[in-house]
Amino acid sequence: MAWSWLCALALAISQVAAADVILQKDSKTLSVSPHVRILHDPSGQLTIKDLLSAESARTFDRPAALGEVLNLGLTRDVHWVQLLLRLEPGADQYWILDLPFHAISHAEAYLVMTESAGEAAEPVLLPRLGGYRYHAWQVRLPSGRATIYLKVQSSGSLTLPLQLQSEESFLLEEQRHLFMQAMYFGALLILLLYSVAYGWVNRERNYVLFAGFMGFAGMAMFLGNGLTSPWSWLEEVRWRNGVESVGYAIAGAWAMAFTRRFLRPVQPWLDKGLQLVGSLYAMLALAIVWRTVFAGAVSWLEYATPGLSILSGLLIFWALLQAHQRGSQHNRFFELAWVCMTLGALIASLRTLVFLPSGTLLLYAVQIGIGAAAIFFSLAIFMQVHHERNARENALKQSAEDRQKLIEHLQLSEQRLEKTVTTRTQELSDALASEKRMREQYVRFGAMISHEFRNPLGVIETQTALLERELAAGIDRAGKRIGSVRAATQRLALLFEKWLQSDRLNNIRDRLEGTPVMLDAWLQDIVQRCHAYHFNHEIRLLPHSPLGAVKIDEPLMRIALLNLIDNACKYSPAQTEVSVLATIEEGMLCISVSDQGPGIPEPLRLKIFEEYYRVDPDTPVPGVGLGLPFVKKIVDLHGGFVSAGDTADGPGACFTIRIPIQAATV
Ligand code: ADP
């Protein structure tokens with residue numbers, strides 16, 4: 001629909017073209033492109049004289065065009081342009097014919113006055129305006145009709161944005177253009193310098209690659225816009241076109257490197273592909289240099305540039321698609337930049353191929369596209385750098401936190417290790433101390449036992465001597481003497497038992513496994529046996545309610561009780577009473593041994609249970625201070641406790657054993 005509308009418009013314009021361009025009194029700027037007619041000269045041999053002959057004049061024609069500006073598409077052939085003018089009375093005579101198109105390689109203009117009666121028209125070569133970046137001619141128009149003939153040739157495509165301007169408006173227009181270009185290239189230059197400096201200082205290669213890409217593209221554009229000095233060697237079409245093409249080719253190589261580095265394609269083939277196309281661009285640049293310097297014809301070059309553009313476009317498109325799936329905002333900007341570039345190139349191509357009209361905006365499509373892309377590219381890099389820096393900082397922070405955690409963990413482990421080592425060391429030293437104590441105990445126990453032996457042995461010796469003497473004297477007290485000897489031997493047996501039990505006692509770590517014992521009979525038996533040995537004391541088992549069977553380690557408990565009875569007899573005066581009382585209170589078996597001796601001073605009642613502690617170390621009473629610790633150990637092993645106290649009535653000591661009852665049936 002739009003297309004047919006455009007065609008209709010073009011047709012209408014071509015019909016209008018037949019009319020003259022009328023220069024009126026106040027005319028300042030006239031776009032004359034819609035009014036020109038064209039003569040195609042493929043041979044390039046025609047001269048202005050040939051044109052003025054009647055046959056050639058008829059061949060001028062108005063080709064169909066899109067929009068106001070005439071676009072002849074891709075052509076390097078010579079074309080003649082005919083422009084019919086009519087100067088109205090009072091209109092300015094001095095005009096400038098402006099042809100602001102970059103690809104014009106050759107142009108010359110002639111003014112032909114309208115024939116006076118009978119005279120042949122004489123063409124006048126118009127002077128070209130010096131120092132101007134495009135082609136423009138000064139025209140002094142006669143009043144009435146005149147024709148301008150323009151011979152033009154292009155180095156690629158031919159578009160004719162022809163304008164007739166008064167000198168004043170031409171200068172103003174050119175100044176405006178130059179100002180815009182200065183703004184554009186100035187901004188681009190600042191962006192590039194900033195990128196290079198920033199990239200260099202911060203070691204961000206993307207900035208440098210971007211600057212390379214945009215730098216060469218900018219240089220090519222600069223040349224393409226004819227902004228080099230009009231007197232420089234670059235003004236020659238061959239050199240200007242050559243350097244411009246080289247600029248774009250090198251920019252292509254940088255663009256590939258930049259895209260590779262920015263998008264970091266995951267697929268190796270894509271990465272290699274971008275690298276390869278980058279190298280091909282560099283080779284293309286060399287080939288163009290060769291062609292430009294030696295003016296050699298390189299036929300494949302015609303196809304290399306569009307071919308490479310399509311190939312690189314496909315690869316970049318694929319890489320962008322992959323990156324798009326990875327997300328992230330900087331990739332979006334990068335995509336946008338390429339969209340701008342592609343759109344610019346696409347519009348320019350379509351315009352060149354006459355699919356789009358050649359308005360001012362579209363004539364600058366590439367420049368606008370590159371400018372927008374430059375902004376988006378720099379935004380993309382900025383965001384990527386920002387993103388990467390954040391990621392780096394986060395990673396650093398994370399690793400610092402991890403390190404801190406590790407340090408804390410190590411410190412904790414160290415503390416634990418230290419604690420374990422301390423505990424183990426303590427345990428070891430405890431074990432050593434206990435080992436040492438046991439050894440000492442063993443030695444002292446031996447000493448005590450040997451000391452204790454003497455007593456019963458002395459009794460046996462005395463009793464047998466007395467028995468001998470009494471037998472000699474005919475006195476029969478054998479029964480009494482035998483009883484004493486038996487008691488002494490039993491005491492000896494008990495000492496042996498004590499000896500044997502001591503080892504066992506030291507090896508028992510926890511509670512004992514008791515055997516059921518009928519307490520009443522057991523107590524009676526112990527007291528009974530003590531009578532024979534401690535005949536200087538009256539040992540009494542006080543009446544008590546029946547106790548029944550209790551689980552105890554009988555041999556050990558017997559030793560404990562005998563120790564208490566022994567001590568009671570040892571430390572109390574002869575002929576006094578030693579009483580044994582057994583009760584069961586609150587689930588505990590309580591056995592008390594009371595005497596009528598001096599008793600134990602209150603502050604020493606705990607001390608006496610320590611090993612080798614004696615209240616009076618110089619006492620003639622035999623002993624080594626191991627009896628009570630022995631009792632305590634036995635009672636502890638039964639899960640009970642032993643205490644020393646006063647008797648209920650009067651002086652004397654009262655030792656009480658309390659052990660929890662493990663009731664048992666016998
Ligand atoms: P040993 O009797 O061999 O000295 P013990 O460990 O049996 O050792 O007793 C420790 C100390 O307690 C004794 O030296 C003694 O001074 C005191 N002792 C023990 N029993 C009595 C008691 N019934 N009356 C007074 N003092 C006692």
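We count ligands from 1, going down the list as the structure has it; atoms in each ligand are counted the same way. Any value given below was found using the heavy atoms of this structure, including those in side chains, with hydrogens, waters and symmetry copies removed.
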Pairing of Arg264 and Glu388 as salt bridge, 4.0 angstrom limit: yes

Decide whether an N or O pair under 3.5 Å exists between Tyr571 and ligand 1. yes

Polar-atom distance check: Gly625 versus ligand 1, any N or O pair below 3.5 Å? yes

Can you name the atoms of ligand 1, numbered from 1 with element, that are less than 4.0 Å from a heavy atom of Tyr613? 10 (C), 11 (C)

In Å, rounded to the nearest 0.5 Å, how long is the span from CG of Leu276 to CG of Leu274? 9.5 Å

Should the ring pair Phe655 and Phe609 be called parallel, tilted or perpendicular, given that the plane angle runs from 0 to 90° and is split at 30 and 60? perpendicular

Quick one: does Pro598 get an N or O within less than 3.5 Å of an N or O on ligand 1? no

Between Arg605 and Asp646, is the closest basic N to carboxylate O distance under 4.0 Å? yes

Counting only nitrogen or oxygen atoms and a 3.5 angstrom limit, does Leu628 reach ligand 1? yes

Quick one, Gln575 with His537, criterion side chain to side chain donor-acceptor pair (under 3.5 Å). Give me CA distance, side-chain angles, the key distance, then yes/no. CA-CA 5 Å; Gln575 312 313 323; His537 289 82; over 6 Å; no

Salt-bridge test for Arg558 and Asp525: reply yes if a basic N is under 4.0 Å from a carboxylate O, no otherwise. yes

Between Phe655 and ligand 1, does any nitrogen or oxygen pair lie at a separation below 3.5 Å? no

In this structure, does ligand 1 have an atom that sits under 4.0 Å from one of the heavy atoms of Phe609? no

What about Asp616: any of its N or O atoms under 3.5 Å from an N or O on ligand 1? no

From the options Val615, Val578, Ile600, Val593, select the one whose nearest heavy atom is closest to atom 27 (C) of ligand 1. Ile600

Please verify the inter-ring angle class for His330 with His387; under 30° counts as parallel, over 60° as perpendicular, anything in between as tilted. tilted

